[in-house]
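Written out below as structure tokens is the structure these notes cover.
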Amino acid sequence: MKYGEIVAAVRDRDEYAADEAGRITEAVVATLGRRLTPASAEHLADQLPPELAEALNQAEAAPQNWGVTEFIHHVAEATGDDERIADMHARAVLSVLGEDVSGGEVNKLISQLPSGFAQYFGWPELT
């Protein structure tokens, strides 16, 4: 999908305003980038539009070792929302990515994250 299509899909998930959906999408993707190894981030970025690939490629050599709760906390910090709303943001964005990215790549990604992340990508059976 193109950037605008991904943002539109996120917008439709939780009925965001267009500008809010873009901001939230970028914040969640950038936070995910901090959680992934550089190699994982690069593989995922290869399947994303340049605007999101750039946000994702902020991965650090030593990725953060957050579980889902900590990830949501960092999404909340990035978006300026409370953690309940940040959880909704993460579910909207990551489920769109889970549909857009190839199944093999999502499977590899989920296998590298704590099991609770699978449901956010729309793959609860892998939890």
Side-chain angles (χ1 to χ4, degrees):
M1 278 187 203
K2 295 179 180 176
Y3 176 78
E5 294 170 326
I6 290 174
V7 170
V10 169
R11 183 184 66 232
D12 292 344
R13 290 284 150 96
D14 278 339
E15 300 178 12
Y16 296 110
D19 60 334
E20 184 183 22
R23 178 183 65 81
I24 288 164
T25 301
E26 291 173 18
V28 171
V29 169
T31 303
L32 179 62
R34 293 175 50 209
R35 177 60 181 83
L36 300 175
T37 65
S40 293
E42 183 178 332
H43 289 243
L44 181 56
D46 287 345
Q47 296 191 32
L48 297 177
E51 299 89 339
L52 294 179
E54 183 178 325
L56 188 64
N57 279 326
Q58 303 302 315
E60 301 170 10
Q64 301 299 316
N65 194 23
W66 305 321
V68 172
T69 302
E70 295 88 357
F71 177 77
I72 298 303
H73 173 76
H74 290 285
V75 169
E77 287 180 339
T79 62
D81 293 307
D82 67 34
E83 292 184 12
R84 182 184 61 81
I85 300 297
D87 185 81
M88 292 175 12
H89 296 334
R91 287 179 190 280
V93 173
L94 296 180
S95 66
V96 168
L97 295 184
E99 293 171 2
D100 184 50
V101 174
S102 73
E105 188 59 40
V106 172
N107 202 12
K108 283 192 275 184
L109 183 64
I110 290 171
S111 72
Q112 296 173 23
L113 296 169
S115 63
F117 278 90
Q119 65 181 335
Y120 286 81
F121 284 94
W123 294 57
E125 65 276 7
L126 298 178
T127 299

Passing candidate, side chain to side chain contact (heavy atoms under 4.5 Å, CB included) with V28, options L94, V96, L97 = L94
Under the side chain to side chain contact (heavy atoms under 4.5 Å, CB included) rule, what do V93 and I6 come out as? Steps first, then yes or no, please.
-> CA-CA 8 Å; V93 173; I6 290 174; over 6 Å; no
If you draw a 6.0 Å radius around CD in E54, do more than 12 non-hydrogen atoms from other residues or ligands fall strictly inside?
-> no
Would you check if there is a donor-acceptor pair between the side chains of H74 and E77 at a distance under 3.5 Å?
->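 Per modelled atom types, E77 and H74 side chains form a pair under 3.5 Å.
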Taking every non-hydrogen atom, the tightest pair across [X] and [Y]:
X    : Y    : result
A118 : I110 : CB-CG2, 3.7 Å
G67  : P114 : CA-CG, 4.1 Å
Y16  : V10  : CD1-O, 3.4 Å
V106 : F121 : CG1-CB, 4.4 Å
A90  : I72  : CB-CD1, 3.6 Å
A78  : A27  : CB-CB, 4.0 Å

Return yes if some donor-acceptor pair links the side-chain N/O of [X] with the main-chain N/O of [Y] below 3.5 Å, else return no.
X    : Y    : value
R23  : T79  : yes
E105 : S102 : no
Q47  : L44  : no

Verify ring-ring contact (aromatic ring centres under 6.0 Å, His included) between Y120 and F71, making sure each step is shown before the conclusion.
-> CA-CA 11 Å; Y120 286 81; F71 177 77; 7.3 Å; no
[atom1] of [X] to [atom2] of [Y]: how many Å apart, nearest 0.5 Å?
X   : Y   : atom1 : atom2 : value
D19 : R11 : CG    : CZ    : 10.5 Å
L56 : E26 : CG    : CD    : 12.0 Å
R13 : H89 : CZ    : NE2   : 15.0 Å

Quick one: are [X] and [Y] in side-chain contact, heavy atoms under 4.5 Å?
X   : Y    : value
R91 : Q119 : yes
H73 : W66  : no
L36 : P63  : no

If Ile, Leu, Val, Met, Phe, Trp and Tyr residues are connected whenever their side-chain heavy atoms lie under 4.5 Å apart, and connections chain through other members, are I85 and V68 in the same group?
->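 No, because I85 and V68 fall into different hydrophobic clusters, even though each may have its own neighbours under 4.5 Å.
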Treat each ILVMFWY residue as a node, draw an edge where side-chain heavy atoms are under 4.5 Å apart, and state whether M88 and F117 are in one component.
->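 No, separate clusters.
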Of Q112, K108, R35, the one forming a side-chain hydrogen bond (donor to acceptor under 3.5 Å, both in side chains) with S40 is Q112
